[in-house]
J.: 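Please find one structure pasted underneath; my questions will follow.
Bear in mind the structure is a predicted one, so any value in this text is a computation, not a measurement.
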Amino acid sequence: HDILPLFVQNCGVTIFVLKISEALDHQPTIEYYIDGKPIGKSYPSPLSHKKIFEHCLEAMRSQNLPQNDRPLIVIVGTHRDDAGKCEETIDRKDEQLNALVDTTCKWVRVLYENDSHRPKSLIFSVNGQVPRDEDKKVAKRLRKKIVEMSPKPIKMPIAWFGLE
């Protein structure tokens, strides 16, 4: 908690990644990959996607940052091609996440997808492992929006040492 202020600032971008093929109340399996190959051992998360999002937002909020130093949050939904397998639609996920943002997130900046099909959409939907042209366009649009919303210039230390 002592080093959290280094990362939660207006130059920070927090990207939440979730499988849109799973409901927000689902407890995901935690998995890590390098070049598409699993590393380590997967394990079930004790928290649902929604609770993980809430927990991270509250951790950011606990920093009590001034209005002009709010971090940017982005939500990326993977497995777009499998979204139809989930009973909870992307629109329903957006409704739930927007409700959280509207009630608890006055102290962060939120990046909206705002595509023509889903106005005020929080979720940037992509296929990560086998990206199609549409996925590449979403990724390009996302990068552009992050750059546009980033403060200029961003001052980063060359080195930082936490000594106690």
J.: Hydrophobic clustering (ILVMFWY, side-chain heavy atoms < 4.5 Å, transitive) - are Val138 and Ile146 grouped together?
T.: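 Yes, it is one cluster - the side chains of Ile146 and Val138 are joined through contacts under 4.5 Å.
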
J.: Please tell me if the side chains of Arg80 and Val126 come closer than 4.5 Å, counting only heavy atoms from C-beta onward.
T.: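 A side-chain contact under 4.5 Å is absent here.
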
J.: In the structure I gave you, are the side-chain heavy atoms of Ile123 and Ile20 within less than 4.5 Å of one another anywhere?
T.: yes

J.: Check for me, please, whether Leu18 and Phe16 land in the same ILVMFWY cluster - side-chain distances under 4.5 Å, paths through other members count.
T.: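 In one cluster: yes.
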
J.: When you compare the side chain of Thr78 with that of Val17, does any pair of heavy atoms fall below 4.5 Å?
T.: yes

J.: Should the pair Glu54-Lys51 be classified as a salt bridge under the 4.0 Å nitrogen-to-oxygen rule?
T.: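 Yes.
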
J.: Under a 3.5 Å threshold, yes or no: a donor from one side chain and an acceptor from the other, between Asp25 and Ser48?
T.: no

J.: Pair Leu57, Ile73 - check side chain to side chain contact (heavy atoms under 4.5 Å, CB included), show working.
T.: CA-CA 9 Å; Leu57 292 176; Ile73 63 168; 3.9 Å; yes

J.: Minimum heavy-atom separation for Lys19 to His49, with atom names?
T.: N-CE1, 4.1 Å

J.: Is the closest side-chain heavy-atom distance between Phe124 and Ile75 below 4.5 Å?
T.: no

J.: Considering residues at least two apart in sequence or located in another chain, which fulfil the side-chain contact (heavy atoms from CB on, under 4.5 Å) criterion with Ser42?
T.: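 Partners of Ser42 under the side-chain contact (heavy atoms from CB on, under 4.5 Å) test: Thr29, Glu31.
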
J.: Look up atom CG in Asp81 and atom OG in Ser125, then write down how far apart they are to the nearest 0.5 Å.
T.: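 Reported to 0.5 Å precision, the distance equals 11.0 Å.
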
J.: Between NZ of Lys85 and CG of Asp82, what distance do you get to the nearest 0.5 Å?
T.: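 CG of Asp82 is found 4.0 Å from NZ of Lys85.
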
J.: Answer yes if Tyr32 and Ile34 sit in the same cluster of Ile, Leu, Val, Met, Phe, Trp and Tyr residues linked by side chain heavy atoms under 4.5 Å apart, and no otherwise.
T.: yes

J.: Can you check whether Pro28 reaches Ile52 side chain to side chain, under 4.5 Å on heavy atoms?
T.: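 A side-chain contact exists here, since the closest heavy-atom pair is under 4.5 Å.
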
J.: So, are Arg92 and Glu95 salt-bridged, with charged N and O less than 4.0 Å apart?
T.: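 Result for this pair is yes, salt bridge flagged.
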
J.: Could you check whether any side-chain N or O of Glu88 sits under 3.5 Å from a backbone N or O of Leu24, counting only pairs where one atom can act as donor and the other as acceptor?
T.: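 Such a contact is found between Glu88 side chain and Leu24 backbone.
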
J.: May I have the step-by-step check of side chain to side chain contact (heavy atoms under 4.5 Å, CB included) for Lys50 and Leu100, ending in yes or no?
T.: CA-CA 9 Å; Lys50 188 174 178 180; Leu100 286 173; 4.0 Å; yes

J.: Quick one: NE2 on His26 to SG on Cys86, what's the gap to the nearest 0.5 Å?
T.: 9.0 Å

J.: Can Asp135 and Arg132 be counted as an ion pair, charged N to O under 4.0 angstrom?
T.: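 Judged by the 4.0 Å cut-off on N to carboxylate O distance, Asp135 and Arg132 do not form a salt bridge.
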
